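A short worksheet on the structure shown next.
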Amino acid sequence: MTLEEIHGQEPVPAGHDWMQGAGKALHELLVSAQRRGCLTAGVYESAKLMNVDPDIVTFCVLATDEEDEGDIALQIHFTLIQAFCCENDIDIVRVNDVAKLAAIVGPSEESGEPRDLHCLLITNPNENGWKDPALEKLNLFCEESRNVNNDWVPTVTLPE
């Protein structure tokens with residue numbers, strides 16, 4: 001008996017299609033969250049928000065490029081953010097292309113300056129909850145990734 005049969009779910013899609021679907025869903029979620037004003041960008045801004053009002057955080061994206069891999073301070077921040085997300089049942093993914101994220105979310109609306117995109121939080125300030133199909137797809141992707149691969153922080157590839 002497979003895990004899917006036990007839980008009554010459809011089998012997990014094959015690797016590439018599954019990952020591609022998650023990348024498209026992440027793109028849609030970021031665009032939608034930014035339009036709604038529910039996107040917080042930056043490691044420090046995200047940490048402040050998590051400290052002040054952790055209940056409104058619904059999803060987290062950690063992003064790095066190859067040159068960031070050696071940044072010990074950034075990796076420490078990521079470890080703390082991941083621990084917070086784990087403790088508060090917030091789904092989290094990694095993206096290995098900050099430039100693609102920048103193309104999606106663009107510069108800061110206030111200053112027009114490029115912003116720190118190493119950490120992005122999707123927030124939901126409403127009590128009723130924001131029902132976004134892309135967020136639901138990503139939550140399912142994260143859950144399946146944990147169940148199938150024991151991968152707490154899966155990596156998502158954004159579409160071209």
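Just so you know, these numbers come straight off a predicted model, no measurement behind them.
- Between the side chain of Ser145 and the backbone N or O of Pro154, no donor-acceptor pair lies under 3.5 Å.
- Partner of Ile104 under the side-chain contact (heavy atoms from CB on, under 4.5 Å) criterion, out of Leu30, Leu117, Leu120, Leu29: Leu30 alone.
- Distance alone, capped at 3.5 Å, places no donor-acceptor pair between the Asn88 side chain and the Cys85 backbone.
- Between Leu62 and Val95 the shortest side-chain heavy-atom distance does not fall below 4.5 Å.
- Formation of a donor-acceptor pair under 3.5 Å by the Asp97 side chain with backbone atoms of Lys100 is found in this model.
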TODO: Applying side chain to side chain contact (heavy atoms under 4.5 Å, CB included), run through Leu140 and Glu144 and close with a yes or a no.
DONE: CA-CA 6 Å; Leu140 181 60; Glu144 289 176 348; 3.7 Å; yes
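- Listed by chain and number, the residues in a ring-ring contact (aromatic ring centres under 6.0 Å, His included) with His27 amount to none (sequence neighbours excluded).
- With rounding to the nearest 0.5 angstrom, the NZ atom of Lys24 is 9.0 Å from the NZ atom of Lys137.
- The shortest side-chain heavy-atom distance between Leu39 and Ile122 falls under the 4.5 Å cut-off.
- Both Leu80 and Ile72 sit in one connected hydrophobic cluster of ILVMFWY residues. Membership requires side-chain heavy atoms under 4.5 Å apart, directly or through other members.
- With a 4.5 Å cut-off on side-chain heavy atoms, Met50 and Ile81 count as touching.
- In this structure, Asn51 contributes its side chain and Ala47 its backbone to no donor-acceptor pair below 3.5 Å.
- Look at Arg146 and Asp91 and you find a salt bridge, because one of the NZ, NE, NH1 or NH2 atoms lies within 4.0 Å of a carboxylate O, short of that distance.
- Using a 4.5 Å heavy-atom cutoff, the side chains of Asn124 and Cys38 are not in contact.
- Taking the side chain as every heavy atom from C-beta outward, Val156 and Val61 never approach each other to under 4.5 Å.
- Judged as a side chain to side chain donor-acceptor pair (under 3.5 Å), and not counting sequence neighbours, Thr40 has no contacts.
- Ser46 places a side-chain N or O within donor-acceptor distance of the main-chain N or O of Gly42, the cut-off being under 3.5 Å.
- A donor-acceptor pair under 3.5 Å links the side-chain atoms of Asp116 to the main chain of Val43, judged by distance alone.
- Within 6.0 Å of CD in Glu66 there are 12 or fewer heavy atoms belonging to other residues, nucleotides or ligands.
- A donor atom on one side chain and an acceptor atom on the other are found under 3.5 Å apart for Ser32 and Asp132.
- Of the possible donor and acceptor atoms, none in the side chain of Asp65 sits under 3.5 Å from a partner among the backbone N and O of Glu67.
- Membership of an apolar cluster is not assigned to Tyr44, as no side-chain contact below 4.5 Å to another ILVMFWY residue is traced.
- Here the closest heavy-atom approach between residue Cys119 and residue Cys60 is recorded as SG-SG, 4.0 Å.
- Within the 4.5 Å cutoff, the side chain of Gln82 has no heavy atoms near those of the Glu87 side chain.
- For the pair Asp53 (side chain) and Leu49 (backbone), a donor-acceptor distance under 3.5 Å is absent.
- One distance of note links CD1 of Ile56 with CD1 of Ile90; it measures 10.0 Å at 0.5 Å rounding.
- Side-chain atoms of Phe59 and Leu26, non-hydrogen and from C-beta on, do get closer than 4.5 Å to each other.
- Distance check: Ile92 CD1 to Leu138 CG gives 12.5 Å after rounding to the nearest 0.5 Å.
- The closest side-chain heavy-atom distance from Phe78 to Gln75 is below 4.5 Å.
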